[in-house]
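Naming convention: chains lettered A, B, ... in sequence-line order (proteins, then strands); numbering from 1 in each chain. Model, not experiment: these values are computed from the prediction.
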Amino acid sequence: MSEYRFEEVEKKWRQEWVKRGTYTVKTDPNKPKYYVLDMFPYPSGAGLHVGHPLGYIASDIYSRYKKLNGFNVLHPMGYDSFGLPAEQYAIQTGQHPAITTKTNIDRYRGQLDLMGFSYDWTREIRTSDSDYYRWTQWIFLQLFDSWYNKETNKAERIASLLDKFNAAGTDGVKAVCGGEHEFTSIQWKEFSEKKQQLILLDYRLAFISDTSVNWCPALGTVLANDEIKDGVSERGGHPVEQRKMRQWSMRITAYADRLLQGLEKLDWTESLKDIQRNWIGKSIGATIFFDIEGSEEKLEIFTTRPDTIFGTTFMVLAPEHELVAKITATSQKDAMENYLTSTKAKTERDRMSDTKNISGVFTGAYCIHPFSGEQIPIWVADYVLAGYGTGAVMAVPSGDQRDWDFASHFGLPIPAVIEGSNVTEGANESKEGVLTNSNFLNGLKVKDAIKEILKRLHEKGIGFKKVNFRMRDAVFSRQRYWGEPIPMYFKDGVPYPIATEDLPLVLPEVDKYLPTETGEPPLGRASDWSYTPKEESQSYPLELNTMPGWAGSSWYFLRYMDPNNDGEFVAKEAVDYWQNVDLYLGGAEHATGHLLYFRFWTKVLCDLGYLPFDEPAKKLINQGMIQAEDGQKMSKRYGNVVNPDDIIAHYGADSLRLHEMFLGPIEQHKPWNTKGIEGVYRFLKKLWRLVHDHNGNFSIQNTPATKDELKALHKAIKKVTEDNERFSFNTSVSTFMVAVNELSELNCNKREVLEPLLIVMSAHCPFICEELWEKLGNKDSITNAEWPRFNEAFLVEDSILYPVSFNGKMRFKIELSAELGAKEVEEIVLKDAQSLKYLEGQQPKKVIVVPKRIVNIVV
RNA sequence: GCCGAAGUGGCGGAAUUGGUAGACGCGCUGGAUUCAAAAUCCAGUUUUCGCAAGGGAGUGCGGGUUCGAUUCCCGCCUUCGGUACCA
């Protein structure tokens, strides 16, 4: 082989690594573990473009680096293979989504294989395999069989709730619950089976209920909040409307506080944690009940500023609020009906874009202020959301801009309750200040006033402190075909779990991937979609909805630890050894979707005793997007997609890997530049030439290295080690270049230098390093080598080239012995002819000498 | 609007603890080698004044701290991401 032929080298090692099982990993208690995980891809029909592998390359480098440092590294890959695109394609072509999915996976695998990743492919998983989704279904059943105990602050089995109900009814039960229940143990036991089951549904972590959902008519399915962007569906950009439907949900709100608190100990970027914090949206305030004049009903509101209660001049209900119909005065009925109709007609998007138009209608009814006894008019307006808090607010126009806008528009009074507020221009939303015009709260600071009012509300029994979250329970039903069947059947309208030994509940065949004529989901087309429980002769209809895309990805990191276990979702030994993910790499676009559900399911499984940790990933890095050369998003639509296969055919996988890293910091968005790859390609050729003579024969010297050669090597070892530790892979690539440039200059082809250098580079460009490593006579793979330790002694300089500055401006450099102290350096520099020139005969005011770094002379 | 991240040559970017701004690479210019090309090698490449030697300016903008600021502080501007009436 005369020159660097990457095709031969890479082909050879691709085969050799498979043959030797180089990347197969087993639990090994003698070694410390390290778990590196990539967010697994959805295998789309378009294949991978050059932007996709960015994170995979980075995680591969880190995995290899950790392995060279003595860790037993788990680094798996799989496919998130249920999802909408395959199903849309199936609707159009009639082809079974399983077929397209398999074709796409094969294509992905072919592309991934070219890139030299150290994945242990024996651990591959696919969420659409029944061997896998069997356990997704099993986890669903665990959630169905759990409730959240606020006393222990954990999920517990439904059995423990039943014990409580049987012993004392709801007395003393502190649970997260979707309804209001109060009964004694005697009543509980007398309830019918059906009634009991319906009550339990309000407690289960996976539950079915009539909820207002985001319905997307174009996709024919409901969507979760995180699947909607700017009021339209994230996939396809179709309009979304609100609809009441009977749906499965996950009680993620039970975990809102823990999901929030858990962020503190995670090594994720602050910005990503902030996105989750905002999404969870915790706010602390008070629930207050107001009497309604001439009615038995009470108006329950939530406010974060109970201290401003004396500034309340009106109440506002959301149009959907149940009291609207009950309290609207006859004289206002027509106006109200018109208003409700016009609001309903608005889509989510209209309502969002229409925030400037202030609208609302007076109900004709009044509340009574609990402390002043004054009448407060009750209005209905669509600026109050039905889904947050109680769907009703006490409006304080002097303290809330939206209330101020509303009051100004309808000419309602705006009394100030904070000293010094100027409420003619707008509301004073500051939480600092002293109360005024507020009866017993006058003179108190906001913080103290809140305490005082809570005390008074409590005394009167009309209010209490309340914590609210913006996050809603996660809708779990999808009216689609290509997803995990929900393992439930219905008896008399009540859902029951199918037995775990009957899992997996395999996705049935259907004639078309469309809703039925009666509007039921595609599973309604299956010829026999029913279940016969053991010891029963009768069969019952099965659930027709399937699970959402995030189900399979919420626990996949666990399955990699023990992918072929058909007795449990993961063996205890495996999870005890591998624990949670040490480094997780993926896009920030999953901040409010996958990454929350992923944490949620982990916490549930931890509470139920299956896992020894309650966070799935300790450290998370969000890789940036690679834009196309024209600066746009890389997409088929714009015709600017660069295919990694083409790049590899031209330059090889090592060049592709180096180039992607060399583009810039891993977290940053950056444009792709095909031309630039020439640089790293030249570098690899230069490396090859370093150990080959002019005739192309491998050539290595076994003589001891010189001081300069060792310095070049150890400088590189030190820098690359530091860079890898902080995931700065772009700078490690330039360090390789510097080292090879220096060694080429020195004509160094010594074993003593090249062996360690190859190890250091092998994480980035494994093929060429493995090849040269073998040529050096090594029998074992370079992946089993040991990371070299840099020796400070080789880096010590005899002399320092001091930059000399005058007033902070560098003027000249002077080479001085490294041994000299600050005083001596100062003396020599000041005597130097060049200094005299810049001093122009003046005395220096001050001379700063930082030994081994810099001299600065102030004139 | 609110929250977050980022602004450095023609381009991607480097400068890790306040210490030579522009490492490394792309591109470009000139040259060597070659019949020619590819490949390789050498020199130059922030800008401005200057033949040069040498000088001025310079890390989004305006201030500040410091002997010294891309780095720290204050106030703005721009771009990107998140969120969107959450009471």
Side-chain angles (χ1 to χ4, degrees), chain A residues 3 229-231 269-279 281-283 285 301-305 308 316 351-356 358 381-385 387-396 399-403 405-406 429 468-472 588-589 591-592 622 624-625 629 658-659 662-665 667-683 685-686 689 719 722-723 725-726 728 730-738 741 744 801-813 844-850 852-859:
Chain A
E3 54 190 44
K229 294 263 136 70
D230 301 324
T269 60
E270 263 327 289
S271 68
L272 193 116
K273 289 201 251 185
D274 270 336
I275 292 173
Q276 291 210 343
R277 285 188 193 113
N278 291 339
W279 187 263
K282 180 178 184 171
S283 53
I301 62 101
F302 172 73
T303 178
T304 54
R305 292 294 299 276
T308 61
V316 188
R351 228 167 128 163
M352 270 169 48
S353 57
D354 202 21
T355 56
K356 292 280 169 287
I358 295 162
D382 66 2
Y383 82 90
V384 171
L385 302 177
Y388 182 76
T390 61
V393 301
M394 63 173 210
V396 182
D400 183 289
Q401 191 57 45
R402 294 156 301 179
D403 296 342
D405 292 339
F406 192 85
E429 298 192 313
N468 235 317
F469 294 93
R470 203 187 74 114
M471 185 170 67
R472 312 290 154 78
E589 66 272 21
T592 51
N622 296 121
M625 252 192 344
E629 242 150 326
L658 287 175
H659 183 53
F662 197 48
L663 285 173
E667 305 94 331
Q668 225 164 78
H669 296 295
K670 57 229 158 203
W672 174 259
N673 172 4
T674 295
K675 261 252 146 112
I677 200 171
E678 293 283 352
V680 294
Y681 183 53
R682 279 178 204 146
F683 155 73
K685 288 195 285 195
K686 200 164 181 179
R689 277 202 308 276
K719 182 86 166 74
E722 287 166 1
D723 288 350
E725 286 296 340
R726 63 193 177 105
S728 177
N730 54 328
T731 52
S732 43
V733 174
S734 53
T735 306
F736 300 157
M737 290 173 169
V738 171
N741 287 345
S744 298
L801 192 60
Y802 277 97
V804 180
S805 302
F806 287 79
N807 294 332
K809 193 89 193 163
M810 206 279 287
R811 292 302 175 180
F812 64 91
K813 290 170 190 171
K845 257 193 209 146
K846 195 172 179 184
V847 179
I848 290 107
V849 177
V850 184
K852 298 187 181 180
R853 297 223 84 135
I854 196 173
V855 180
N856 190 22
I857 298 166
V858 188
V859 191

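A close approach under 4.0 Å does occur between a side-chain nitrogen or oxygen of A/Q668 and OP1 or OP2 of B/rG13. For the OP1/OP2 pair of B/rA87 and a distance below 4.0 Å, the side-chain nitrogens and oxygens of A/Y383 include no atom meeting the criterion. Listed pair A/N730 / B/rG12 fails the phosphate criterion, with no side-chain N or O lying under 4.0 Å from OP1 or OP2. Between A/S283 and B/rA87, a side-chain N or O to OP1/OP2 separation shorter than 4.0 Å is present. Between A/N741 and B/rA23 there is no side-chain N or O to OP1 or OP2 distance below 4.0 Å. Checking the phosphate oxygens (OP1, OP2) of B/rU40, a side-chain nitrogen or oxygen of A/K685 falls inside 4.0 Å. Between B/rG82 and A/R277, no contact under 4.0 Å exists linking OP1 or OP2 to a side-chain N or O. Between A/K846 and B/rC67, a side-chain N or O to OP1/OP2 separation shorter than 4.0 Å is present.
As the counterpart of B/rA57, B/rU46 is assigned, both hydrogen-bonding distances of the Watson-Crick or G-U wobble pattern falling under 3.5 Å. Of all nucleotides present, none satisfies the Watson-Crick or G-U wobble test against B/rA38 with each distance under 3.5 Å. B/rA5 is paired with B/rU79 under the Watson-Crick or G-U wobble criterion, all donor-acceptor distances under 3.5 Å. Applying the Watson-Crick and G-U wobble criteria (two distances, each under 3.5 Å), B/rU65 pairs with nothing in any strand. A 3.5 Å limit on both hydrogen-bonding distances identifies B/rC11 as the Watson-Crick or G-U partner of B/rG25. Nucleotide B/rU33 has no partner under the Watson-Crick or G-U criteria, as no pair reaches both atom distances under 3.5 Å.
The side chain of A/T731 approaches B/rA14 more closely than any other nucleotide in the set B/rU16, B/rU20, B/rA14.
Side chains of A/K846 and A/N856: no donor on one and acceptor on the other come within 3.5 Å.
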Return the polar atom pairs (N/O with N/O) between nucleotides 44-50 of chain B and the protein under 3.5 Å, or none.
none

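Rounded to the nearest Å, the gap between the P atom of B/rC28 and that of B/rC35 is 25 Å. B/rU71 sits 15 Å from B/rU65 when the P atoms are compared, rounded to a whole Å. A distance of about 29 Å separates the P atoms of B/rU16 and B/rU48, rounded to the whole Å.
Within the 4.0 angstrom heavy-atom criterion, base atoms lie near A/V850. Base contact: A/S734 has a heavy atom under 4.0 Å from a base atom.
Anti is the conformation of B/rG56, whose glycosidic angle sits further than 90° from 0.
Remark: A/K813 pairs with no residue by the side-chain hydrogen bond (donor to acceptor under 3.5 Å, both in side chains) rule, at least two apart or across chains.
Under the 30°/60° scheme for interplanar angles, the aromatic rings of A/H659 and A/W672 are found to stand perpendicular. The aromatic rings of A/F302 and A/Y388 lie perpendicular to each other, with more than 60° between the two planes, well past the 30° mark.
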Next on the checklist: salt bridge (Lys or Arg N to Asp or Glu O under 4.0 Å), that's the test. Do A/E722 and A/K719 meet it? Break it down for me.
Outcome noted: CA-CA 5 Å; A/E722 287 166 1; A/K719 182 86 166 74; 6.0 Å; no

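In this entry the distance linking OH of A/Y681 with C1' of B/rC26 reads 17 Å, nearest Å. A/M810 places its CE atom 17 Å from the P atom of B/rG58, with the value rounded to the nearest Å.
Where A/W279 and A/I848 meet RNA chain B, the nucleotide closest to each residue was compared, and A/I848 sits on the side nearer the 5' end. Mapped onto RNA chain B by nearest heavy atom, A/E270 and A/F469 fall at different nucleotides, with A/E270 at the one closer to the 5' end.
Ion pairing between A/E678 and A/K685 fails under the 4.0 Å rule for side-chain N and carboxylate O.
Between the side chain of A/K686 and the base of B/rU40 there is no donor-acceptor pair of N/O atoms closer than 3.5 Å.
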